[in-house]
Amino acid sequence: MKITSWNINSVRLRLPLLEQVFATVAPDVICLQETKCVDDQFPTEAIADMGYPYQAYRGEKSYNGVAILSRLPLRDASHELWAGKEDCRHISAIVNDIRIHNFYIPAGGDVPERDENPKFGHKLDFVKEVTAYFAAQDQGSAVMVGDLNIAPLAEDVWSTKQLRNVVSHTDLERERLLSLIAKGGWHDAIRGHFGPEEILYSWWSYRARDYRASNRGRRLDHIFVTNDLADKVTSAEIFAEARGWEKPSDHVPISITL
DNA sequence: ATGGCAAATTGAATTTGA
């Protein structure tokens with residue numbers, strides 16, 4: 001079973017690119033973030049016609065929004081609310097007896113101080129709650145994917161020194177995400193596949209004149225599997241070429257095969 | 001540490017992303 005995660009940055013605008021991803025990456029299940037539309041506007045039929053009729057999604061106007069699209073039957077779709085908000089940043093469902101959790105963790109704003117910037121506090125609280133949620137239960141075999149908006153390792157950014165005080169790579173965020181992985185019994189399947197030395201990015205800013213030339217990326221998107229599944233990850237990929245497509249998302253699809 | 005961009009909403013400017 002191939003599972004992909006992609007921050008699509010508007011599912012309506014990039015519906016043709018979603019079809020491209022289906023054609024080239026060929027996932028069995030894809031988890032989207034930042035769909036940016038309410039459920040009534042979600043292109044259910046068009047995506048079903050592309051071969052992915054099993055769907056679960058939660059969206060809101062303009063912001064956030066998550067979806068799980070599958071060509072295999074999907075059951076028990078559900079979600080939790082986090083950090084005292086009702087925003088659409090999480091959805092989960094079971095495919096092939098494995099529960100898949102799809103997250104869009106808050107970006108966290110600009111200033112890495114919760115007193116000055118409530119968005120940063122929201123992000124920290126969100127990660128803490130997710131950590132506690134998974135630490136409190138033996139969840140069996142599960143997968144956690146999404147745009148987690150944190151690059152935890154030095155090898156996950158173009159310059160660990162220059163990004164030290166930049167939200168997504170501060171020490172506090174890095175510690176919190178590594179703690180989430182450890183306490184939840186997760187295995188970082190993408191990093192595990194490529195090894196500790198490889199420089200890995202899943203996001204490149206729109207602001208670079210030439211993203212390929214500047215190559216100032218960050219690994220903000222992740223796929224974790226519970227430790228019992230670690231040995232069953234037979235491949236992993238970061239589909240970087242999607243960043244070079246016409247009208248791309250600033251994130252690229254990442255995948256594992258179980 | 002910023003910002004050369006982008007999307008959605010609402011009506012040319014604002015919010016959000018990271």
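So that the names make sense, note that chain A is the first sequence line, chain B the second, and so on, each numbered from 1.
Atom CH2 of Trp158(A) is separated from atom C1' of dG3(B) by 12 Å (rounded to the nearest Å). Residue Asn117(A) contributes atom CG, which lies 12 Å from atom C1' of dT16(B) at whole-angstrom precision. Nucleotide dT16(B) holds its C1' atom 18 Å from the CD1 atom of Ile8(A), rounded to whole Å. A straight line from CZ of Phe120(A) to P of dG17(B) spans 14 Å, rounded to a whole angstrom. Atom P of nucleotide dG17(B) and atom CG of Asp110(A) are separated by 10 Å, given to the nearest angstrom. Going from atom CG of Leu17(A) over to atom P of dA6(B) covers 14 Å, rounded to whole Å. Nucleotide dG17(B) holds its C1' atom 15 Å from the CD1 atom of Ile150(A), rounded to whole Å. Following rounding to the nearest Å, Glu34(A) (CD) and dA7(B) (P) show an atom-to-atom distance of 12 Å.
Under the 4.5 Å side-chain criterion, counting only non-hydrogen atoms from C-beta, Lys128(A) is in contact with Arg176(A).
Other residues, nucleotides and ligands contribute more than 12 heavy atoms inside 6.0 Å of the CG atom of Asp210(A). Other residues, nucleotides and ligands contribute only 12 or fewer heavy atoms inside 6.0 Å of the CD atom of Glu86(A).
Of the residues listed (Arg89(A), Met144(A), His101(A)), the one engaging Val130(A) in a side-chain contact (heavy atoms from CB on, under 4.5 Å) is Met144(A), and it is the only one.
Taking every heavy atom of residues 203-219 of chain A and every atom of DNA chain B, pairs under 4.0 Å involve Trp203(A), Tyr206(A), Arg207(A), Arg209(A), Arg218(A), by number.
Residue Tyr104(A) places at least one side-chain N or O under 4.0 Å from the OP1 or OP2 atom of dA18(B). Between Lys119(A) and dG17(B), a side-chain N or O to OP1/OP2 separation shorter than 4.0 Å is present. A sub-4.0 Å separation between OP1 or OP2 of dA8(B) and a side-chain N or O of Asn9(A) is absent. Put simply, His169(A) has no side-chain N or O that comes within less than 4.0 Å of OP1 or OP2 on dA18(B). OP1 or OP2 of dA7(B) lies within a sub-4.0 Å distance of a side-chain N or O belonging to Lys247(A).
In this model, a donor atom of one side chain and an acceptor atom of the other lie less than 3.5 Å apart for His169(A) and Thr160(A). Counted by atom type alone, Ser168(A) and Arg218(A) present one or more donor-acceptor pairs between their side chains at under 3.5 Å. A donor-acceptor pair shorter than 3.5 Å cannot be found between the side chains of Ser5(A) and Asp221(A).
Listed nucleotides dG17(B), dT16(B), dA1(B) differ in distance to Tyr63(A); the shortest reach to its side chain belongs to dT16(B). Among the nucleotides dT15(B), dA8(B), dG17(B), the one closest to any side-chain atom of Ser10(A) is dA8(B).
Here the separation of dT15(B) from dG11(B), taken at their P atoms, is 13 Å to the nearest Å. Only the P atoms considered, dA13(B) is 32 Å distant from dA1(B), to the nearest whole Å.
Backbone-only contact: Asp147(A) has heavy atoms under 4.0 Å from sugar-phosphate atoms and none from a base. Nucleic acid contact class of Leu220(A) (heavy atoms, under 4.0 Å, all strands): sugar-phosphate only. Residue-level contact check: Arg14(A) touches the backbone only, with heavy atoms under 4.0 Å from sugar-phosphate atoms and none from bases.
Between Lys2(A) and Asp28(A), none of the side-chain N atoms (NZ, or NE/NH1/NH2) sits under 4.0 Å from a carboxylate O, so this pair counts as no salt bridge.
Between Val167(A) and Arg12(A), the residue whose closest nucleotide on DNA chain B is further toward the 5' end is Arg12(A).
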